[in-house]
Amino acid sequence: MLDKTYDPAATETRLYEGWESSGAFAADPASAAAPFTVMIPPPNVTGSLHMGHALTFTVQDALIRFRRMQGRDTLWQPGTDHAGIATQMVVERLLAGEGTDRSTLGREAFLQRVWQWKAESGGTITRQLRRLGASLDWPRERFTMDAGLSAAVRTVFVRLFREGLIYRDRRLVNWDPKFQSAISDLEVEARELRGQLWHLRYPVADQPGRFITVATTRPETMLGDTAVVVHPDDPRWSDLIGRHAVLPLVGRRIPILADTHADPAKGSGAVKITPAHDFNDFVVGQRHDLPMPSVLDREARITLAELADAIIPVAGIADPAFLRTLDGQPREAARTAILAELERLELLEKTEPHTHQVPHGDRSGVAIEPLLTTQWFCNAAVLAQPAIAAVEQGRTQFVPKQWENTFFAWLRDIQPWCISRQLWWGHRIPAWYGPDGQVFVAADAAEAAAAARAAYGTDVALTQDEDVLDTWFSSGLWPFSTLGWPEATPELARYYPTDVLVTGFDIIFFWVARMMMLGLHITDQVPFRTVYIHGLVRDERGQKMSKSKGNSIDPLELIDRYGADALRFTICTLTGPGRDVKLGAARVESYRGFVTKLWNAARFCEMNAIAPQPGFDPAGARLTLSRWLLDAANAAVAAATTALEAYRIDEYAAVSYRFVWNVFCDWFLELAKPVLGAADTADAAEIRAVAAHVLGTILRLLHPAMPFVTETLWDHFGYGGPCSLIRAPWPVADAVTDAAEARAELDWVVRLISEIRAVRSEMNIPPATRAPILLREAAPATLARAARWDDAIRRLGRAESVTPLAGPPPRDAAQVVLDEATIVIPLAGLIDLDAERTRLGRERDKAAGEAEKIARKLDNADFVARAPEEVVAENRERLDAAREDATRLAAALARLG
RNA sequence: GGGCGCGUAGCUCAGCGGAAGAGCACUACCUUGACACGGUAGGGGUCACAGGUUCGAUCCCUGUCGCGCCCACCA
């Protein structure tokens with residue numbers, strides 16, 4: 001016997017272990033079935049499950065389970081990402097707690113320490129994915145720093161280098177002073193800050209008393225200024241073009257140049273140019289061939305090293321002694337000191353409040369310092385072209401399609417991708433340097449040594465590049481590196497390209513675009529045919545969930561409280577296309593009610609000896625109720641299948657929910673009760689068989705969304721062996737005899753009972769009072785129907801009897817019009833005649849109003865002439881029906897007197 | 001500054017050219033032999049606003065207003 005309530009905690013772990021140990025999650029490369037492949041977006045190896053994971057993995061698992069049931073050979077590839085900066089940060093924080101740091105430990109020991117941390121905490125996320133029910137093919141789990149994946153990284157790097165698509169360059173990069181590493185454009189986020197705009201007066205050389213005013217938000221970089229530019233057409237400064245300014249504090253003469261970069265509308269119209277510390281200035285500097293001295297070092301401290309030769313004492317403007325006090329100062333302190341000195345020298349014209357966007361490292365949270373360094377770059381502009389073409393040609397499709405625009409916009413204007421990071425945790429760049437700096441890029445040290453020997457004619461000592469690769473470089477290879485590439489494995493041949501990539505829009509650039517670029521270039525195939533983009537998880541008020549805001553909900557806690565199925569089903573119902581998912585515990589709690597409803601429906605079935613009948617053939621179903629249910633199940637299955645195929649998880653959930661609750665429970669089981677309650681008849685036997693059959697359909701239909709409770713019931717009822725629902729066939733339409741007739745009949749029964757209930761409720765008839773139901777002016781077919789459903793009507797309509805009425809209705813009776821018939825409910829002593837008159841009047845007016853509206857439409861010649869025939873015909877029918885209703889209601893009202 | 005998305009019942013959202021929908025919340029009644037994590041019935045909406053296209057617009061077009069997000073030169 002099933003317990004009175006479903007206890008998820010008691011079943012989930014056991015079922016998951018059952019599935020996993022039986023190999024139910026495993027792909028089968030030897031299978032004759034068509035493959036269906038999904039690559040997990042690899043979570044950070046040291047991370048733990050948050051609501052965003054719960055969303056994406058629930059969606060993926062539902063799709064995988066659906067396709068698996070459809071008979072596809074599914075591969076859901078698991079794995080984790082080494083997450084360079086994030087993981088290194090965690091371990092560094094650990095070290096700080098122990099009073100040490102990575103430089104004290106040294107590279108080798110530090111890396112050992114990270115591997116140790118990975119060994120300790122790397123299993124957390126995969127354990128948590130199991131709690132969610134994710135049916136990943138665990139024996140195939142990969143890690144981005146596995147030997148195999150690392151080899152793939154080196155192979156790709158070497159190849160792209162040889163093709164000239166990876167190169168070393170000295171240029172401005174986004175420098176994160178906290179991590180002391182370059183980061184990519186994508187890892188920079190603009191934060192709005194309220195700062196100041198300082199107007200500095202630079203003396204014009206050889207024109208005593210003349211100044212050119214420049215406005216800046218970063219006065220500390222002025223030491224590195226190598227020019228001032230003004231717009232060629234700006235009359236304020238045109239006479240100074242070609243002259244020089246004397247750079248205050250430093251004393252160097254810098255040219256005043258004409259350049260359209262200067263916007264006359266902004267600041268003073270004159271711009272100081274600091275090519276080594278500003279991206280725009282860098283471009284201007286290149287254009288005018290300006291020197292580019294760095295005046296900030298890797299820690300964002302002032303450094304005068306590159307300035308030393310240029311410092312010229314100038315009376316009243318530049319004092320080398322002051323400059324020396326700045327050397328080694330952090331940028332903030334230098335700013336204060338420089339402003340004070342300029343003020344003292346009367347070179348600070350004014351200070352204005354100024355709100356502006358300041359780039360910050362998204363992980364470090366500190367302001368980025370544009371810095372001239374030598375880094376490795378990937379020529380993304382070249383790789384982007386095939387990626388753009390693949391989406392344009394539809395070889396890869398985004399769902400929803402609108403995200404293609406986002407994808408295109410970014411790729412069409414893509415900048416060189418800085419792929420080197422000055423970190424330790426990650427794939428070390430496979431480049432070695434000879435004594436003279438000659439670079440040898442090779443898959444390993446031996447190969448590099450051989451290349452060096454060939455180049456120098458003798459063995460030389462090589463040193464490997466200290467840097468590691470951007471984490472997203474290895475993630476970009478994930479769809480094929482996990483399948484064994486560069487080896488030509490059977491898995492690669494069979495499961496690549498993958499079918500669908502499921503992820504949030506926040507990593508379209510970081511990851512999706514990189515996979516497209518690298519995948520197409522390396523394999524000549526798109527890495528996935530579809531990209532399904534879901535929204536972000538937010539709290540109930542629509543705020544982004546974050547630890548710092550304290551509004552995040554722990555999915556594990558929700559699973560503990562309500563069960564994984566309730567959480568999963570909630571996520572499924574809420575994840576509409578292009579919509580964020582607003583989720584709170586209350587929602588999960590309410591959908592737990594659906595899990596309970598299913599459970600109780602199953603309990604009812606069990607109590608009524610409903611059990612699967614081997615060899616049952618739905619086509620042989622004889623009873624109208626049976627055929628109606630089978631037909632409704634067909635419709636639900638078809639709608640659910642279409643929805644899942646179109647990635648409409650929300651619609652799939654809604655269709656399933658409505659069928660189970662509103663069709664199976666509310667009407668079928670209720671209508672079946674009289675039959676089941678009667679003696680052991682042939683009718684009862686058929687109802688049992690059909691109920692069992694449809695319950696089986698329901699369990700299969702819901703399994704992708706609610707795997708645990710459905711598998712529990714499947715096992716319990718013996719639809720298959722233990723843990724077999726996961727691989728049970730997805731339901732298809734059953735053959736149903738005369739489905740239209742069954743639909744029409746049950747539609748009438750449902751409407752009749754609903755009308756009776758509505759009148760009783762409105763008339764405040766106590767539930768205990770059973771009233772006779774009289775059918776007036778009913779056609780013989782209607783009376784026959786009523787006779788067939790006598791039990792059900794009496795039970796669900798709380799009726800004493802259902803009989804025809806030949807003559808006029810009794811005085812104290814409620815009346816309802818249903819098609820051609822009038823339902824008369826005599827309620828002597830119970831009915832308030834005034835209320836009934838009011839009610840009938842209202843109903844009549846409603847019907848008359850409706851008729852009026854349709855009549856107006858039909859009177860419109862244009863409508864009749866131009867609207868499609870079906871629409872006009874439909875309106876004519878509706879008009880007839882409304883008029884008849886109005887007439888009958890008016891007659892009923894008249895009978896009340 | 002550029003782009004995208006969203007404004008439909010108290011809340012969360014579906015519908016996107018031919019009768020305004022669901023879930024939750026609310027109200028009334030009901031411990032009826034599966035389920036009170038339940039049942040039955042009910043109230044509640046000029047579908048943001050203004051124009052336009054159409055026989056017909058919540059749905060298509062244009063504009064306005066609100067909200068959110070992404071990208072973008074820290075003068």
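Quick note: numbers below take in every heavy atom, side chains included, and nothing from hydrogens, waters or symmetry partners. In the text below, chain A, chain B and the rest are named by the order of the sequence lines, each starting its count at 1.
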Nucleotide opposite rA57(B) in a Watson-Crick or G-U pair, distances under 3.5 Å: none

Counterpart residues, ring pair (Phe, Tyr, Trp, His ring centres under 6.0 Å), relative to F668(A) (two or more places apart): F664(A)

Ring pair (Phe, Tyr, Trp, His ring centres under 6.0 Å) against F505(A), all qualifying residues, sequence neighbours excluded: W403(A)

Any donor-acceptor N or O pair under 3.5 Å, side chains Y6(A), T11(A): yes

Pairing residues for K350(A) by the side chain to side chain contact (heavy atoms under 4.5 Å, CB included) criterion, not counting sequence neighbours: H199(A), E352(A)

Sugar-phosphate, base or nothing in reach of T216(A), heavy atoms under 4.0 Å: sugar-phosphate

Side chain E755(A) and base rA41(B) donor-acceptor under 3.5 Å: no

5′-ward residue of the pair N860(A)/P359(A) relative to RNA chain B: N860(A)

side-chain N/O R770(A) vs rU32(B) OP1/OP2, d < 4.0 Å: no

W661(A) side-chain N/O to rA34(B) phosphate OP1/OP2 under 4.0 Å: no

Watson-Crick or G-U wobble partner of rC29(B), both distances under 3.5 Å: rG39(B)

Between T573(A) and D650(A): side-chain donor-acceptor atoms closer than 3.5 Å: no

Between Y657(A) and N662(A), a side-chain donor and acceptor under 3.5 Å: no

Whether F594(A) and W661(A) hold their rings parallel, tilted or perpendicular, with breakpoints at 30° and 60°: parallel

Watson-Crick or G-U wobble partner of rA50(B), both distances under 3.5 Å: rU62(B)

Shortest side-chain distance from L574(A), nucleotide among rC71(B), rU12(B), rU40(B): rU12(B)

Residue whose nearest RNA chain B nucleotide is more 5′ - R579(A) or A758(A): R579(A)

Phosphate contact (rA34(B) OP1 or OP2) by K673(A) side-chain N/O below 4.0 Å: yes

Aromatic ring pairing W410(A)/F509(A), orientation class (parallel under 30°, perpendicular over 60°, tilted between): parallel

Side-chain donor or acceptor of R760(A) paired with backbone N/O of R798(A) under 3.5 Å: yes

Positions of residues 596-603 of chain A (non-hydrogen atom under 4.0 Å from RNA chain B), listed by number: T596(A), K597(A), N600(A), A601(A), R603(A)

Modelled atom types, side-chain donor and acceptor of E349(A) and T213(A), under 3.5 Å: yes

Base-pairing assignment for rU12(B) (Watson-Crick or G-U wobble, both under 3.5 Å): rA22(B)

H261(A), nearest nucleotide to its side chain (from rC73(B), rU40(B), rU12(B)): rC73(B)

Base partner of rG5(B), which must satisfy Watson-Crick or wobble distances under 3.5 Å: rC67(B)

Pair H288(A)-D259(A), side-chain donor/acceptor within less than 3.5 Å: yes

Where A367(A) and P177(A) come nearest, the two heavy atoms and their spacing: O-CD, 3.4 Å

Please enumerate all protein N or O atoms sitting under 3.5 Å from an N or O of nucleotides 27-31 of chain B, with distances to 0.1 Å.
none

Scan nucleotides 16-23 of chain B against the protein and return all N/O pairs shorter than 3.5 Å with their distances rounded to 0.1 Å.
residue	atom	partner	partner atom	Å
rA19(B)	N1	R878(A)	NE	3.3
rA19(B)	N3	E850(A)	OE2	3.2
rA19(B)	N3	R878(A)	NE	2.7
rA19(B)	N3	R878(A)	NH2	3.0

